[in-house]
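Below is one structure, written out as structure tokens; comments come after it.
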Protein chains: 2
Amino acid sequence: MAKRIGIVDVAAAAGVSVTTVSHALNGRGQVNPATRERVQRVAIELGYAPNRIATALRNRRSGIIGFVSDEIATTPYSGRVILGAQDAAAERGILLVMVDSNGDPEVEARQILALRAQQVDAIVYARMYHQTVSVPSAIGELPTVLVDAVDRHSTSPSVVPDEVGIGRDGTAYLIAMGHRNIVHLTIDDRGPGHDGRIVGYREVMRANGLEPRIASVPSPADGRAGFDALRLAISDTERPTAVFCFNDEMALGVYQSARELGIAVPGELSVMGVDDFTPIAAQLRPGLTTIALPHYEMGRWAIRTLADLIDGVEPPESHVRMPAGMVVRDSVVAPSSLGGIHA
Amino acid sequence: MAKRIGIVDVAAAAGVSVTTVSHALNGRGQVNPATRERVQRVAIELGYAPNRIATALRNRRSGIIGFVSDEIATTPYSGRVILGAQDAAAERGILLVMVDSNGDPEVEARQILALRAQQVDAIVYARMYHQTVSVPSAIGELPTVLVDAVDRHSTSPSVVPDEVGIGRDGTAYLIAMGHRNIVHLTIDDRGPGHDGRIVGYREVMRANGLEPRIASVPSPADGRAGFDALRLAISDTERPTAVFCFNDEMALGVYQSARELGIAVPGELSVMGVDDFTPIAAQLRPGLTTIALPHYEMGRWAIRTLADLIDGVEPPESHVRMPAGMVVRDSVVAPSSLGGIHA
DNA sequence: CAGGCTACCCAAATCGATTGCTGCGCGCGA
DNA sequence: TCGCGCGCAGCAATCGATTTGGGTAGCCTG
């Protein structure tokens, strides 16, 4: 069992005091350059790495940020947020400890207390889809940022996707491709994503002199939803040439419904999703044109903001709406003249 | 700024020394029951929680386990492993810190060093799909378990899915449903999953007097793979009534290919996947019958085993093959008499 | 040559909790 | 009455690093 080597071992090997080793390694105090170099060399030779626990105790700073989320496992998007957070944390030499409340507020409170006992320096409070929350009181005074969530009663910084922008961009893209008869398929449950995208969609449709048409179904995950939705859409007076779906799962449903109804995608119907949920979007044929939510970027922003906050740097912007990006594949094409009844 | 309250505050409030508070709270030493109760009451009133950093320094035990994985974000399965690990960790009052090497061995080594500096008590070394690895030397003497991975040169415990069992169970199920002409669709890349499932498939086919037929394609994620694979399968002398796919993504490909080829699923062709990758498996119509890999269970086993190892308890089994479970939906039915040319 | 400055280095306190050992006081047996 | 044992508390050392507040030697200046 190789004994862990500590600062005293380095001091002994370099023939100086621990004080000097600390100074030499951390660039504090006055140290003779020759001595400093010798200490550094010895430290490397011995493979010395300071015990962060001891440092944390002394400096009242653990170098750990807690990542609290409601459901790490169930949604695949979460991985992107975490990855962004990881990368930013690695840049700054910060470690992340993640806890999952499983949606239970009591568990959540307990987990947060555990994080505080562990002396985390800050907390990321993340939701796995954009929603309104209230920050648990257990967090107390700890610096906190919200990811994919906002709390009207809290002053903590937050970052969410620019939902209105998503609605705008998607709609604008479809229009640019020549579509005029575009249905927005959304879900019944309201929320920031639901509302924002509708706002963006409406805005761009109207700006182009087009009539917004919105249909909604109970749940994106429901296999029947796409079917019903598409039915709703095509039973309308004018048959749409494009469907702008709330997310990729719903787009998958539309694909399947279209097949059953004998409608060709994208020949007769262009389909656009939101999420860029790769296993679906890339695997479908035709490949799904979609809008990628900025999960990675939000995760990274969260950690960077917190790292600054810990150092006492206030973020320039407190509530950020992160832009999303189009991912163009093959499910959107110019409408054929056969596509719909003319207006 | 509410000052964090420490053991000295409790001691002062209870009118005893910190020693006595420690003894009372941890059940060490001799403490008068009345005193003990008073201390406990005061501690709760003050909301005291011991500073785990200080405890860790003193006890040389941080209560943190490092979770090292190659890619947290890219595969959605990882979430299940993490969730299982989280749950087991919460049970034991352990915290998990996760790092993602992004597949880069150098980054990985650096991350592991950071974990060691942070004095983690043990390490979970997880891969996101079943493979053979070698445990990085940076881990040193730390207790370690491997998840979804084995290392022939290491004595660390490991847990992997029972691949042979998966091959067996899937095949047996199809046979039980009345199929005799079953193709196993796999990938070109070999690996424990690839090999094990073939072994199980072959074994059960032969045991039932049936001829194993195996086709393989370059990649499950490749949209064309399913198409090619299905072509391969049906261009065979006898048309199969069932396809046992390496995973759900491949099954999705088969669904789409079948549609293009005018083959009804499940009427003319039963399809079975592996993974129970919900966004695909549950969303497809017909719902995909598949085999769920024991990710959650593996994550939980890993933490439990490590927690024991830290306490000096050797695990009863060192290399565990975790059984998987069938998830029956609608993509497997009894073959119709029309299904294939008779043998 | 004394006083003052620098440049270097170090002893010791500190962070908060745990624990080995010591001390005190009371009761009981000799 | 003395002494021993026991029940109960607490002092002080400890974990490993950082940091404060000097201390010492060498050099410069008046």
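Each chain gets a letter, A, B and so on, in the order the sequences are listed, and its residues count up from 1.
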So, is [X] near the phosphate of [N], with a side-chain N or O under 4.0 Å from OP1 or OP2?
| X | N | answer |
| --- | --- | --- |
| B:Arg28 | C:dT19 | yes |
| A:Asn26 | D:dT18 | yes |
| B:Arg60 | D:dG16 | yes |
| A:Ser22 | D:dT18 | yes |

To the nearest angstrom, how far is [X] atom [atom1] from [N] atom [atom2]?
| X | N | atom1 | atom2 | answer |
| --- | --- | --- | --- | --- |
| A:Arg61 | D:dT18 | CZ | C1' | 14 Å |
| A:Arg4 | D:dA17 | CZ | C1' | 13 Å |
| B:Ile7 | C:dC15 | CD1 | P | 15 Å |
| A:Asp121 | C:dC15 | CG | C1' | 15 Å |
| B:Arg58 | D:dG16 | CZ | P | 10 Å |
| B:Asn59 | D:dG16 | CG | P | 12 Å |

Exercise answer: donor-acceptor pairs, residues 26-33 of chain A side-chain atoms, under 3.5 Å, sequence neighbours excluded:
unit_1  : atom_1 : unit_2  : atom_2 : d
A:Asn26 : ND2    : A:Ser22 : O      : 3.1
A:Asn26 : ND2    : A:Ser22 : OG     : 3.3
A:Asn32 : OD1    : A:Ala34 : N      : 2.8

> Is B:Arg92 paired with B:Asp87 through a side-chain N to carboxylate O contact shorter than 4.0 Å?
Replying inline: no
> Are B:Arg60 and B:Asp121 close enough for a salt bridge, meaning some N to O gap below 4.0 Å?
Replying inline: no
>> Tell me every residue that passes side-chain hydrogen bond (donor to acceptor under 3.5 Å, both in side chains) with A:Glu297, counting only those two or more places apart in sequence or in another chain.
In response: none
>> By the salt bridge (charged side-chain N to carboxylate O under 4.0 Å, His left out) test, which pairs, at least two apart or in different chains, include something from residues 148-160 of chain B?
In response: none
>> I'd like to compare against my own output: the B/S/- annotation of nucleotides 4-10 of chain C with a strict under-4.0 Å heavy-atom distance to protein.
In response: ----BBB
> If you take all heavy atoms of B:His130 and B:Pro192, which pair is closest and at what distance?
Replying inline: NE2-CB, 3.2 Å
> Would A:Tyr296 and A:Gln86 satisfy side chain to side chain contact (heavy atoms under 4.5 Å, CB included), going step by step from the backbone distance to the final call?
Replying inline: CA-CA 10 Å; A:Tyr296 181 89; A:Gln86 290 283 3; over 6 Å; no
>> Tell me which one of A:Val68, A:Val81, A:Thr305, A:Ile303 satisfies side chain to side chain contact (heavy atoms under 4.5 Å, CB included) with A:Val147.
In response: A:Val81
Check residues 41-49 of chain A and write down every donor-acceptor pair under 3.5 Å in which the side-chain atom is one partner and the other belongs to a residue at least two apart or another chain.
none

> Do any of residues 46-55 of chain A sit with a heavy atom less than 4.0 Å from DNA chain D, and if so which?
Replying inline: A:Tyr48, A:Pro50, A:Asn51, A:Ala54, A:Thr55
